[in-house]
2 protein chains.
Amino acid sequence: MPAEADRKRLQRASQSPAPEPQGSTRSAWLTEHLRQALLDGKFPLGSRLNEVHLSHQLDVSRTPVRAALHVLAGEGLLRYHANKGFVVRDLPLSEVVVAYEMRALAEGLAARLAAERGLSDESRRTLEQALAEGDAILSRRLNREVQRAAYANLNESFHSTIHAAAQSDLLNDVVRACQRMPQAAAHNVMAFELADVRERHKAHHQIYLAVLGREGQQAEMLMRAHVLSVKSSIVRSLARRDGST
Amino acid sequence: MPAEADRKRLQRASQSPAPEPQGSTRSAWLTEHLRQALLDGKFPLGSRLNEVHLSHQLDVSRTPVRAALHVLAGEGLLRYHANKGFVVRDLPLSEVVVAYEMRALAEGLAARLAAERGLSDESRRTLEQALAEGDAILSRRLNREVQRAAYANLNESFHSTIHAAAQSDLLNDVVRACQRMPQAAAHNVMAFELADVRERHKAHHQIYLAVLGREGQQAEMLMRAHVLSVKSSIVRSLARRDGST
DNA sequence: AGGCGATCATCTGTATACACTATAGTCATG
DNA sequence: CATGACTATAGTGTATACAGATGATCGCCT
């Protein structure tokens with residue numbers, strides 16, 4: 001099939017110049033691509049990922065595909081069984097609950113460490129900006145959809161700044177592990193009531209003050225409670241979805 | 001080099017029959033082998049693992065070696081950088097501290113879940129056996145070395161039974177992630193004072209009773225305190241080592 | 001002499017061919 | 001008709017060759 005070879009070369013040439021500063025290597029690009037697809041729910045839960053199909057579909061060989069799949073399995077998005085390949089991890093609701101309880105503990109610890117270790121000027125600015133933007137978004141009356149997307153962004157920014165301030169790779173890994181569920185991607189935040197979001201935004205303010213004031217225990221407790229409230233919302237919406245399915 | 005090919009065939013033939021029911025595949029075997037080597041500290045911290053050397057040394061091709069390394073990187077034992085390969089993760093003491101605090105929270109959660117979900121008859125038996133053996137080992141006067149190894153085993157058994165009873169893969173992953181540090185392998189328990197071990201064994205008894213009695217909160221608190229006491233011992237011994245180096 | 005760039009060795013990244021395993025379907029047999 | 005072994009096929013496991021990147025060494029130019 002000489003035509004296929006041509007197609008490959010063309011595609012490579014067209015995709016290499018601009019779009020991926022991140023994916024210096026094909027494996028890295030595939031990992032990112034597949035992770036996003038998994039979080040977006042593009043593969044059915046529990047379904048098997050066929051290496052040959054994927055490599056044809058994405059126009060690379062099996063080697064980088066396998067590498068990417070191994071990485072994603074390491075991250076917990078996939079499960080691997082010898083001689084049977086990779087399947088999309090399907091977490092029962094009970095596991096989602098545990099993940100959020102774990103995440104509450106982990107983020108609480110992160111908040112405490114951030115408080116103990118102090119905020120850099122840059123972190124402080126980022127947090128303050130996230131809070132201010134949140135105030136603005138929630139006070140104005142906007143399209144629900146726009147409001148939601150904007151708030152999801154700064155929510156992400158707020159939390160990851162706290163994690164960074166904790167200065168622990170390990171802790172970061174754990175938090176990310178708890179977030180990496182094919183079901184509960186960040187955009188699930190959408191499903192919430194506006195009142196819930198306002199409440200949580202108030203919690204962000206309190207957490208910020210506790211961290212800034214170096215009150216470790218206070219920061220830890222506030223963050224735990226904050227994440228647990230997110231858990232309640234998620235579980236509520238998942239239960240609704242499961243029930244209606 | 002035809003001689004080399006012969007050697008390979010011979011070695012494969014001699015190693016396939018008996019020794020590895022676990023390693024159904026070369027990758028799996030390599031993963032296990034390398035993980036053990038890393039936890040045992042056989043590779044210097046921060047050192048780079050050369051795929052070609054490893055594959056020659058272990059008499060396999062690079063392919064399964066790479067697979068194993070990817071898995072271990074996913075587990076956090078190695079770090080991977082594009083085009084630069086895998087290096088043994090070197091955790092500063094502060095990270096070890098965080099890991100143990102995280103693990104205390106995670107194992108606490110596991111203990112609570114185990115209490116809430118109840119113990120199977122088999123789990124109960126395993127725990128009781130671990131406790132009884134611990135009593136025996138600690139009461140008799142034995143060679144320090146033997147005593148230590150025996151206790152390490154049943155300690156492992158006790159904890160992993162609790163994790164299993166929690167019935168959460170996710171939680172298991174987190175706990176294992178916190179244990180997987182090139183420094184702080186299980187056998188570090190060796191370095192401890194006998195008095196510390198006795199104290200911890202008493203804690204095992206208390207935890208068992210709390211779990212058996214379905215007292216979730218109590219179990220969680222006891223387990224947290226238990227793991228934190230291990231942290232103190234580990235940190236003490238690591239600090240001593242770092243100081244003397 | 002010192003900085004700078006080309007060249008080369010080394011190692012990782014990828015493609016591909018082949019070997020092995022698992023599974024489903026078929027056929028024969030009780 | 002049910003059950004068992006056999007075979008065919010699809011898909012993963014591994015080896016190997018080659019391509020691309022990285023880093024060091026050596027020579028050149030200033």
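Worth saying up front: this structure is predicted, and the values here are computed from it rather than measured.
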Between atom CG in A:Leu69 and atom P in C:dT14, what is the gap in whole Å? 13 Å
pair A:Met181-A:Tyr100: side-chain heavy atoms closer than 4.5 Å: yes
Rounding to a whole Å, what distance do you find between B:Leu58:CG and D:dA15:C1'? 15 Å
Residue whose closest nucleotide on DNA chain D lies nearer the 5' end, A:Thr63 versus A:Phe86: A:Phe86
So which protein nitrogen or oxygen atoms get under 3.5 Å of nucleotides 7-11 of chain C's nitrogens or oxygens?
{"from": "C:dC11", "atom 1": "OP1", "to": "B:Asn50", "atom 2": "ND2", "distance (Å)": "3.4"}
{"from": "C:dC11", "atom 1": "O5'", "to": "B:Asn50", "atom 2": "ND2", "distance (Å)": "3.1"}
{"from": "C:dC11", "atom 1": "O3'", "to": "B:Arg48", "atom 2": "NH2", "distance (Å)": "3.4"}

For A:Arg124 and A:Asp121, run side-chain contact (heavy atoms from CB on, under 4.5 Å): C-alpha distance rounded to whole Å, both residues' side-chain angles, the deciding distance at 0.1 Å, then the answer. CA-CA 5 Å; A:Arg124 196 168 49 72; A:Asp121 288 352; 4.1 Å; yes
pair A:Ser168-B:Glu101: side-chain heavy atoms closer than 4.5 Å: no
Where the side chain of A:Val60 is defined as all heavy atoms beyond and including C-beta, which of C:dA15, D:dT14, C:dT12 is the nearest nucleotide? C:dA15
d(A:Arg66 CZ, B:Thr63 OG1) to nearest 0.5 Å is 8.5 Å
If you measure from CD1 on A:Ile162 to CG on A:Leu113, what distance do you get to the nearest 0.5 Å? 11.0 Å
Out of curiosity, B:Glu128 CD to B:Ser123 OG, how far, rounded to the nearest 0.5 Å? 11.0 Å
From B:Met102 CE over to B:Gln179 CD, what is the distance, rounded to the nearest 0.5 angstrom? 13.0 Å
Length of the NE2-P vector between A:His56 and D:dT12, whole Å: 12 Å
Look at the rings of B:His163 and B:His159 and say which category their plane angle falls in: under 30° parallel, 30 to 60° tilted, over 60° perpendicular. tilted
Selected nucleotide, minimal atom distance to B:Thr25 side chain, candidates D:dG13, D:dT16, C:dT12: D:dG13
N/O donor to acceptor pairs below 3.5 angstrom from side-chain atoms of residues 71-85 of chain B, sequence neighbours left out:
{"from": "B:Glu75", "atom 1": "OE1", "to": "B:Arg35", "atom 2": "NH1", "distance (Å)": "2.6"}
{"from": "B:Glu75", "atom 1": "OE1", "to": "B:Arg180", "atom 2": "NE", "distance (Å)": "3.3"}
{"from": "B:Glu75", "atom 1": "OE2", "to": "B:Arg35", "atom 2": "NH1", "distance (Å)": "2.4"}

May I have the distance from A:Arg62 (atom CZ) to C:dA19 (atom P), rounded to whole angstrom? 14 Å
Is a donor-acceptor contact shorter than 3.5 angstrom present between the side chain of A:Arg26 and the base of D:dG20? no
Does B:Ser61 place a side-chain N or O at less than 4.0 Å from the phosphate oxygens OP1/OP2 of D:dT14? no
Nearest to the A:Asn83 side chain among C:dA15, C:dA22, D:dT14, which nucleotide is it? C:dA22
Among residues 70-82 of chain B, which residues get a heavy atom nearer than 4.0 Å to DNA chain D? none
Roughly how many Å is it from CZ in A:Arg66 to P in C:dA17, rounded to a whole number? 17 Å
